[in-house]
Amino acid sequence: MATPPTGRHPNPYRPGFNQTPLVFAGRTGILDAANEALEVAAFDGRTPRPLILVGPRGVGKTVTLGEIAQAAAEQHSWPTVHVEAKRSDLLGELSGKLRAAEQLFRGTTPDGPAHRTRITGAKVQASVLGVGGGIEVARDEGSPEPLATVLRRTMTAAVERDAGLLVTLDELQNATPAELHELGGVLQETVPENWPLVVAVAALPSLREKRGNRLPTYLERAEWHPLDALPGPDARTALTGPADRSGRPMTDEAADLLLAQSGGYPYAIQVAGHFAWRASHGSDAITAAHATAALPRITADLDQLFLSRWEDASGREQEYLTALATAELTVDEPNGGQVAEVLGRPVKAVSYLRDRLIKKGTVYRSGAGGLHFITPGMGAWVRRRDAD
Ligand SMILES: Nc1ncnc2c1ncn2[C@@H]1O[C@H](COP(=O)(O)OP(=O)(O)OP(=O)(O)O)[C@@H](O)[C@H]1O
Ligand SMILES: [Mg+2]
């Protein structure tokens with residue numbers, strides 16, 4: 001690595017997705033629940049219910065899964081198998097990584113092409129078993145084994161090593177109903193085995209929306225944790241923590257200004273911190289003047305996020321989004337009927353727009369049936385846009 005020039009102060013904020021923050025704030029309820037699940041599995045010989053984190057984009061689902069993985073490694077020396085559901089083959093990828101975990105437990109992690117599992121592709125984190133950081137695996141070419149078989153072998157190997165396994169499944173709303181069904185079935189069957197296995201899932205709220213395809217019982221009975229904006233004091237910690245730690249503290253006035261802009265939305269907090277840090281280049285504190293100078297940059301960055309969602313919508317869908325944003329002004333959680341009212345159309349005539357926007361991941365429906373923008377702050381952006 002090149003030596004940085006002296007006096008360089010790297011920006012301690014992590015705007016973006018899947019970026020571990022320098023200071024992870026709040027979420028103690030979820031972390032406590034995860035720690036309890038890990039202890040139950042590690043010490044009491046019971047397989048706990050899975051944890052499911054659901055929430056809109058950018059609230060920190062993925063980084064919270066990462067915190068749980070860290071707890072598993074630090075407190076129990078357990079490795080984590082992490083899989084992100086994309087448009088393809090969730091179960092195949094999970095099997096491949098479980099096999100790699102089995103080899104870790106057996107101490108036979110291969111390092112040459114002659115072995116069945118090659119090192120590339122997907123990551124199995126194994127801080128414990130002598131393999132730092134993580135290894136990458138490619139699925140072997142042999143005939144596919146059922147997930148249940150692979151899981152059994154992996155967990156048998158784990159138990160022999162007196163270890164356990166954390167499985168984190170991200171973006172599970174992308175899984176097909178068939179995949180969810182098979183996954184739920186396999187995991188459900190493992191419960192009586194009392195393996196030291198903890199499953200933590202993250203998904204957009206649309207995971208609940210698998211209408212017509214009811215969620216497998218295993219997931220329905222899970223411990224559901226809704227994630228939303230960080231409450232005031234945690235939002236402040238997330239914003240001021242990285243600056244404090246990096247020796248350029250943020251004044252209260254600066255923090256007030258930036259929090260007024262970002263609310264408790266974790267993604268926006270990192271963006272706000274990032275531009276405020278940059279604006280304070282050469283100073284030994286981030287002041288209100290720096291925060292004020294950064295505000296237009298922060299707005300522009302967040303607007304880009306809303307714009308990409310907006311441009312992804314058709315003309316009709318944009319009308320629906322505008323009506324939703326308008327309805328938000330008078331009702332806390334407008335439902336489909338109230339949005340249709342703003343549009344002056346019968347509900348049935350516009351419900352297909354709602355369904356399409358839910359499918360695209362622009363809008364979600366809460367348990368109570370209220371509609372929300374998946375990206376926090378988008379309603380206000382749509383109203384501003386409409387006013388211009
Ligand atoms: N508790 C937290 N404290 C500080 N920063 C956080 C926290 N949670 C999330 N962040 C920051 O917010 C941003 C978004 O986090 P993350 O990618 O985990 O969100 P997500 O919910 O998984 O989003 P998506 O639904 O798009 O996958 C990242 O920059 C991350 O560092
Ligand atoms: Mg994520």
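Counting convention: from 1, in listed order, for ligands and their atoms alike. Side chains are part of it too, since the values below use all heavy atoms of this structure and drop only hydrogens, waters and symmetry mates.
For atom 10 (N) of ligand 1, the closest heavy atom belonging to the protein is Pro266 CB, 3.6 Å. For atom 27 (O) of ligand 1, the nearest protein heavy atom (residue, atom name, distance) is Glu171 OE2, 3.1 Å. The protein atom (non-hydrogen) at minimum distance from atom 29 (O) of ligand 1 is Arg14 O, 2.6 Å. Among protein heavy atoms, the minimum distance from atom 1 (N) of ligand 1 is reached at Ala25 O, 2.8 Å. Of all protein heavy atoms, the one closest to atom 17 (O) of ligand 1 is Asn18 N, 2.7 Å. Nearest non-hydrogen protein atom to atom 30 (C) of ligand 1 is Gln19 O, 3.3 Å. Looking only at heavy atoms of the protein, atom 23 (O) of ligand 1 is closest to Gly58 N, 2.8 Å. The protein atom (non-hydrogen) at minimum distance from atom 16 (P) of ligand 1 is Gly60 CA, 3.7 Å.
Glu253 contributes no side-chain N or O that, together with a main-chain N or O of Ala288, makes up a donor-acceptor pair within less than 3.5 Å.
For ligand 1, the atoms sitting less than 4.0 Å from at least one non-hydrogen atom of Tyr267 are 12 (O), 13 (C), numbered in the order shown with element in parentheses. With ligand atoms numbered from 1 in the order given, ligand 1 contributes 4 (C), 5 (N), 6 (C), 31 (O) to contacts under 4.0 Å with heavy atoms of Pro21. Annotation for ligand 1: atoms under 4.0 Å from non-hydrogen atoms of Gly16 are 13 (C), 14 (C), 28 (C), 29 (O). Residue contact check: Phe17 has heavy atoms under 4.0 Å from atoms 17 (O), 23 (O), 26 (O) of ligand 1. Ligand 1 places these atoms under 4.0 Å from at least one heavy atom of Phe24: 1 (N), 2 (C), 3 (N).
Arg152 pairs with exactly one of Glu189, Glu102, Glu193 by the side chain to side chain donor-acceptor pair (under 3.5 Å) rule, that one being Glu193.
The local environment of CG in Asp32 is crowded, with over 12 non-hydrogen atoms from other residues, nucleotides or ligands closer than 6.0 Å.
Taking backbone and side chain together, Asn18 holds no N, O or S atom under 2.8 Å from the Mg ion (ligand 2).
In the model, Glu84 has no side-chain atom that pairs as donor or acceptor with a side-chain atom of His82 under 3.5 Å.
Using cut-offs of 30° and 60° on the angle between ring planes, the pair His76 and Phe43 is tilted. The aromatic rings of Trp381 and Phe306 sit tilted relative to each other, their planes meeting at an angle between 30° and 60°.
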Practice problem: Would you check, one step at a time, whether the test side chain to side chain contact (heavy atoms under 4.5 Å, CB included) holds for Thr375 with Arg309? | Solution: CA-CA 9 Å; Thr375 317; Arg309 303 268 62 178; 3.9 Å; yes
Exercise. I would like to know whether Tyr218 and Leu180 meet side chain to side chain contact (heavy atoms under 4.5 Å, CB included); could you show each step before the answer?
Key: CA-CA 10 Å; Tyr218 175 79; Leu180 281 181; over 6 Å; no
Quiz item: Given the rule in the salt bridge (Lys or Arg N to Asp or Glu O under 4.0 Å) test, do Arg384 and Asp303 qualify, once you have shown the distances and angles that lead to the verdict?
Solution: CA-CA 11 Å; Arg384 276 204 309 277; Asp303 283 0; 3.3 Å; yes
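Nearest residue to atom 11 (C) of ligand 1 from Gln270, Lys61, Arg57 is Gln270 (criterion: closest heavy atom). Nearest to atom 18 (O) of ligand 1 by heavy atom, out of Val63, Leu239, Asp170, Val59, is Val63.
Under 4.0 angstrom from ligand 1, the non-hydrogen atoms of Val23 all belong to its backbone.
Under the 4.5 Å side-chain heavy-atom criterion for ILVMFWY residues, no single connected hydrophobic cluster contains both Leu204 and Leu90.
A 4.5 Å side-chain heavy-atom check between His281 and His290 finds every atom pair outside the cut-off.
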